[in-house]
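Comments concern the structure below.
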Amino acid sequence: MSESKKIITSGMRPTGSLHLGNIFGALHNWIKLQEKYTCFYFIVDWHSLTTPGFGDAVGYENTKGLQNNIKQMVIDWIAGGLDPKKCTIFVQSHVPEVAELYLLLSMITPLGWLERNPTYREMLKDYKIEYPTYGLLGYPTLQAADILAYKGNYVPVGKDQESHVNLSRDIAGRFNNLYQKNVFPLPEVLMTEVPKIPGTDDVNKKMSKSAGNYIALIHSEQETLDRIKSMFTDPVKIRKTDQGHPDGCVVFAFHKIYNQEAVTVVRQECEEGSRGCVDCKMQLAQKMNQALKPIRDKRKELEQQTDLIYDILSSGANQAQKVAQATLSEVKDVMNLTRKK
RNA sequence: AGGCCUGUAGCUCUAACGGCUAGAGCACCUGACUCCAAAUCAGGGGGUUGGGGGUUCAAAUCCCUCCAGGCCUGCCA
């Protein structure tokens, strides 16, 4: 591990097989970053317990699908191009030092910071959480522990997570200040341009597992086709020959991603009424399935190699744990918590 | 630990005094219409009314008990 390399930390909630939103929103970025940085990528299983599960999703009251979700997600990370030789891949809870760091950080995290946290408030509103738990309020502190345990410099996250990283920086700064030691680097958001991936039902909505408007790597080509067929299109284009408005059309949004070379033609044909939505969808399905095929083939292969997957997670956890242990002992040192014997 | 409140379809709720096969909206699925999707129309699935016991000819409704959750008070830290 070279000293000069900056450290990246980032996590994903264990929601199972990746969908296109995850892939373009995060994974592609992660893959690029693993080349230049020391990267810690982990599955945040603890974070998935901060809320109740919605429907059959994982939450604190329903952890049934947790292990399978973790497995499917790691398979997709690797099938998609994360290389365990280039980055450290593991499960958050496999490094218990993070929990201890979380505890210590919680002692110095002002309650007001957490209560004021806009993401927390949105969470309560958007997910209609009537009875928030202690764990949910403390989410940013846990995230801070995730970053700081590995002394992360940069955190590649979306705009919605920006305030959390800012909180992590505040907590790190407060710790350094209180104990007059520069234990933690101050983590920064690494903003990157990511294409917005709409849901299959609405260009203005995000693709998400809970909304059910997604296409995942685990889906078959047929399933993908079915989901493309059900995509929302221009409501004023009733007949095949009507002039369409591609900018409000989900199918077109995906042509921009999977059919880049033909996108101007697609737009023109749609606008002038020489292209029907059915043809347009069929073409998209063909392009998308073609693009996803190598990853899907790889994921099928990996699914047969459970040992390999668990070995990757296990050696990832070992590597991460070493780093976290070193950080923690430093932390305990400055807080005078180190055992004499 | 005590007091009070809540529990009915995936979600929000209705079902007077105990009384017909526990209903509706949204969501979901199917069909019709559409190049498709959406919208619209038609149809459909879905419930041991939180569990158990009791009273009664008859319980979602009344009683007991347990479970889960919430609010308040107390106690401890």
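So that the names make sense, note that chain A is the first sequence line, chain B the second, and so on, each numbered from 1.
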Problem - Interatomic distance at C1', B/C20 relative to B/C28, whole Å - result: 30 Å

Exercise for the section: Please list residues of residues 204-215 of chain A whose heavy atoms come under 4.0 Å from any atom in RNA chain B, ordered by number; otherwise none. Expected result: none

Exercise for the section: Go through the structure and list residues passing ring pair (Phe, Tyr, Trp, His ring centres under 6.0 Å) with A/H28, not counting sequence neighbours. Expected result: A/F24

Problem - side chain to side chain donor-acceptor pair (under 3.5 Å) partners of A/Q325, counting only residues at least two apart - result: A/E97

Practice task
Could you tell me which residues satisfy side chain to side chain contact (heavy atoms under 4.5 Å, CB included) with A/K298, sequence neighbours excluded, listed by chain and number?
Solution key: A/A79, A/E301, A/L302

Practice task
Write down the distance separating the C1' atoms in B/A37 and B/A15, rounded off to the nearest Å.
Solution key: 39 Å

Exercise for the section: Taking the side chain as every heavy atom from C-beta outward, state whether A/K287 and A/H255 have any atom pair closer than 4.5 Å. Expected result: no

Problem - P spacing across the pair B/G53 / B/G45, given as an integer number of angstrom - result: 30 Å

Completion exercise
The remaining residues in the hydrophobic cluster of A/I218, counting side-chain heavy-atom contacts under 4.5 Å among Ile, Leu, Val, Met, Phe, Trp and Tyr, are none

Handout entry: Gap in Å between the two C1' atoms, one belonging to B/C62 and one to B/G19, rounded
Key = 14 Å

Problem - Pairwise C1' distance for B/G18 and B/C29, with rounding to whole Å - result: 37 Å

Practice task
Take nucleotides 31-37 of chain B nucleotide by nucleotide from the 5' end and write B, S or -, depending on whether a protein heavy atom sits under 4.0 Å from the base, only from the sugar-phosphate, or from neither.
Solution key: ---SBBB

Problem - Salt-bridge present (A/E188, A/K6; N to O < 4.0 Å) - result: no

Problem - A/Y102 to A/G138 - nearest heavy-atom pair and separation - result: CE1-O, 3.7 Å

Practice task
List in chain and number order the residues that pass ring pair (Phe, Tyr, Trp, His ring centres under 6.0 Å) with A/F90, two or more places apart in sequence or in another chain; answer none if no residue qualifies.
Solution key: A/F42, A/Y150

Exercise for the section: For A/H164, enumerate each residue passing the ring pair (Phe, Tyr, Trp, His ring centres under 6.0 Å) test, keeping only those at least two apart in sequence or located in another chain. Expected result: A/Y139

Exercise for the section: Using a 3.5 Å limit on both pairing distances, list the dot-bracket string of RNA chain B from the 5' end; Watson-Crick and G-U wobble pairs count, crossing pairs take [ ], interstrand pairs take |. Expected result: (((((((..((((.....[...)))).(((((.......))))).....(((((..]....))))))))))))....

Handout entry: Where A/Y179 and A/V334 come nearest, the two heavy atoms and their spacing
Key = CD2-O, 3.8 Å

Fill in the blank from the handout: side chain to side chain contact (heavy atoms under 4.5 Å, CB included) filter on A/K293, not counting sequence neighbours, yields A/E221, A/D297

Handout entry: B/A77 to B/C4 separation - P atoms, rounded to the nearest Å
Key = 28 Å

Handout entry: Sequence-aligned protein contact record of nucleotides 69-77 of chain B, with B where the base is within under 4.0 Å of a protein heavy atom and S where only the sugar-phosphate is
Key = SS-------

Practice task
Please state the P separation for the pair B/C76 and B/G10 - nearest whole angstrom.
Solution key: 45 Å

Problem - C1'-based separation of B/G7 from B/G50 [nearest Å] - result: 6 Å

Problem - Derivation of the side-chain contact (heavy atoms from CB on, under 4.5 Å) call for A/V263 and A/N259 - result: CA-CA 6 Å; A/V263 76; A/N259 196 16; 6.0 Å; no

Practice task
Applying ring pair (Phe, Tyr, Trp, His ring centres under 6.0 Å), name anything that partners A/H219, two or more places apart in sequence or on another chain.
Solution key: A/Y214

